[in-house]
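Reviewing the structure listed below.
Basis for what follows: all heavy atoms, side chains included, without hydrogens, waters or symmetry-related copies. Each chain gets a letter, A, B and so on, in the order the sequences are listed, and its residues count up from 1.
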Number of protein chains: 2
Amino acid sequence: MRKGEETRARILDVAEAAVLAKGFGATSIDELIAETGITKSGFFYHFRDKNELARALLERYIENDERIYDEIFGRAHQLADDPLQAFLLGLKMLSEILADLPNGHPGCLVAVMCTQERAFDREIQEINRQAALMWRRRFGSMFEEIMRIYRPREALDVDQLADMVSTVLEGGIILSKALKQPESLPQQLLVLRSFVRLLFQPASA
Amino acid sequence: MRKGEETRARILDVAEAAVLAKGFGATSIDELIAETGITKSGFFYHFRDKNELARALLERYIENDERIYDEIFGRAHQLADDPLQAFLLGLKMLSEILADLPNGHPGCLVAVMCTQERAFDREIQEINRQAALMWRRRFGSMFEEIMRIYRPREALDVDQLADMVSTVLEGGIILSKALKQPESLPQQLLVLRSFVRLLFQPASA
DNA sequence: AGCCGCTCCCTACCATTGGTACGGTTTCCA
DNA sequence: TGGAAACCGTACCAATGGTAGGGAGCGGCT
């Protein structure tokens with residue numbers, strides 16, 4: 001049990017790096033087993049087929065993602081009482097963490113699976129959808145809290161505002177990769193931060 | 001000459017749809033030639049290998065993209081003298097066009113190639129980079145024009161502001177796909193529009 | 001002590017796919 | 001009418017995803 005999970009985790013580690021670098025289709029099982037140091041039978045013992053590997057990868061990635069967000073915005077809410085200040089602080093902390101990654105953000109598996117939709121089964125697409133909805137709820141509840149105190153200078157839908165955070169994250173990752181400029185993602189997050197601050201700035205200021 | 005280009009275009013049409021739906025790796029040449037109605041030899045007469053197909057696909061996609069933006073923002077600048085109003089109008093027109101697509105945005109090839117980086121050669125990555133830089137110049141020059149008249153309520157870097165448009169487009173496409181909600185992309189564009197309007201709104205308003 | 005089940009390894013095999021090679025054929029235009 | 005452009009046909013190759021099935025080491029339970 002203990003050893004099995006460890007091997008499984010090692011496969012997932014290798015696979016995640018490969019998929020984020022080359023895409024899912026370009027990642028061969030032979031390559032994974034070579035780097036992990038197991039055999040083909042060993043691989044198929046842990047995963048029925050490539051689709052199940054994809055599912056496991058995605059689920060693990062999303063869980064980890066959620067944990068990171070919990071941590072960052074949890075800390076931000078500890079440091080700032082005001083929900084707006086906490087949110088702005090959280091965005092800044094996130095931006096700084098992303099800026100400190102030596103090679104930039106490794107890429108988002110959700111985006112990878114999205115750009116290769118039909119290559120995966122419905123279950124994976126559903127996991128993807130749930131992930132996006134979780135992000136919406138996470139940031140949406142923050143904006144609701146903010147709006148209980150601050151009046152936005154423009155009436156915007158909370159869900160759409162929450163989605164904007166995911167949008168900038170996903171879009172920023174892609175732009176960073178396209179431009180080969182890792183600093184773009186954290187910069188874009190800070191631009192979003194400015195926008196949000198502007199939105200809730202009292203009209204007199 | 002005439003016929004050759006037509007066949008080539010037909011291959012590219014079929015390939016583009018397949019790649020956007022399934023990803024590049026999951027799109028087989030056999031499948032393409034079956035749907036196009038040519039033979040394998042015919043395919044390899046037009047494209048040396050799959051990489052050259054990718055390059056041709058990407059180049060055609062970007063050219064088309066540029067043409068659409070030229071059209072929309074050209075028209076917007078005809079309808080509105082003021083650069084800010086023209087930009088806001090352009091964003092709205094773009095949003096409406098995207099909202100009218102029956103199945104939503106089919107996906108961005110630049111993003112596809114980004115999420116599968118190492119699967120392609122440097123030439124493709126360079127084309128991708130140039131595309132992102134073109135977007136930056138396009139929207140950047142608009143923001144410069146705007147800033148010659150309007151003072152932003154917050155000092156933001158023009159390049160980063162320009163990149164924000166690309167970010168929201170790319171991120172919106174991904175979020176739309178993940179959520180299976182085609183209307184998200186146009187909505188996100190309108191949120192960005194609100195942000196930009198807020199940014200250049202006189203402090204007194 | 002003995003056995004079960006988990007976690008693999010080994011070998012062999014198959015269909016699909018990207019790609020090569022090369023000769024032949026049709027089509028179109030100058 | 002001739003020659004290039006635009007294919008077709010066939011044969012072949014290596015890599016890849018996946019299947020089948022037998023076995024081996026090893027810890028834990030009875």
| Between B/E126 and B/R129, is there a side-chain N and carboxylate O pair less than 4.0 Å apart? | yes
| Charged N to carboxylate O below 4.0 Å: is that the case for A/D13 and A/R60? | yes
| note | In DNA chain D, stems of three or more consecutive pairs, Watson-Crick or G-U, each with both distances under 3.5 Å, turn out to be C:1-30 with D:1-30
| task | May I ask you to evaluate whether A/T7 reaches the phosphate of C/dT7, defined as a side-chain N or O under 4.0 Å from OP1 or OP2? | result | no
| field | Spacing between B/I33 atom CD1 and D/dA6 atom P, to the nearest angstrom | value | 19 Å
| task | Could you tell me whether the side chain of B/T39 has a donor or acceptor atom within less than 3.5 Å of a complementary atom in the base of D/dG9? | result | no
| field | Parallel, tilted or perpendicular: rings of B/F139 and B/F87 (30°, 60°) | value | perpendicular
| said: Expressed as a whole number of angstroms, how long is the span from A/H46:NE2 to C/dC9:C1'? | reply: 12 Å
| task | Could you check if a side-chain atom of B/F47 sits within less than 4.5 angstrom of a side-chain atom of B/L57, using non-hydrogen atoms only? | result | no
| said: Under the criterion side-chain contact (heavy atoms from CB on, under 4.5 Å), I'd like the reasoning laid out for B/T167 against A/L192: C-alpha separation, chi angles, the key distance, then a yes or no. | reply: CA-CA 11 Å; B/T167 293; A/L192 173 65; over 6 Å; no
| How many angstroms lie between CG in A/L79 and CD in A/Q85, if you round to the nearest 0.5 Å? | 12.0 Å
| Rounded to the Å, how far apart are B/F47 CZ and D/dA6 C1'? | 13 Å
Solution key, residues 92-113 of chain A side-chain donor-acceptor pairs under 3.5 Å, sequence neighbours excluded:
unit_1 : atom_1 : unit_2 : atom_2 : d
A/S95  : OG     : A/P186 : O      : 3.1
A/H105 : ND1    : A/G107 : N      : 2.9

| remark: Each nucleotide of nucleotides 15-20 of chain C classed B (base within 4.0 Å of a protein heavy atom), S (only sugar-phosphate) or -, in 5' to 3' order, makes --SBBB
| request: May I ask you to decide if the ring planes of B/F143 and B/F200 are parallel, tilted or perpendicular, using 30° and 60° as cut-offs? | output: parallel
| message | Just the rounded figure in Å: distance from C1' of D/dG23 to OH of A/Y45. | response | 15 Å
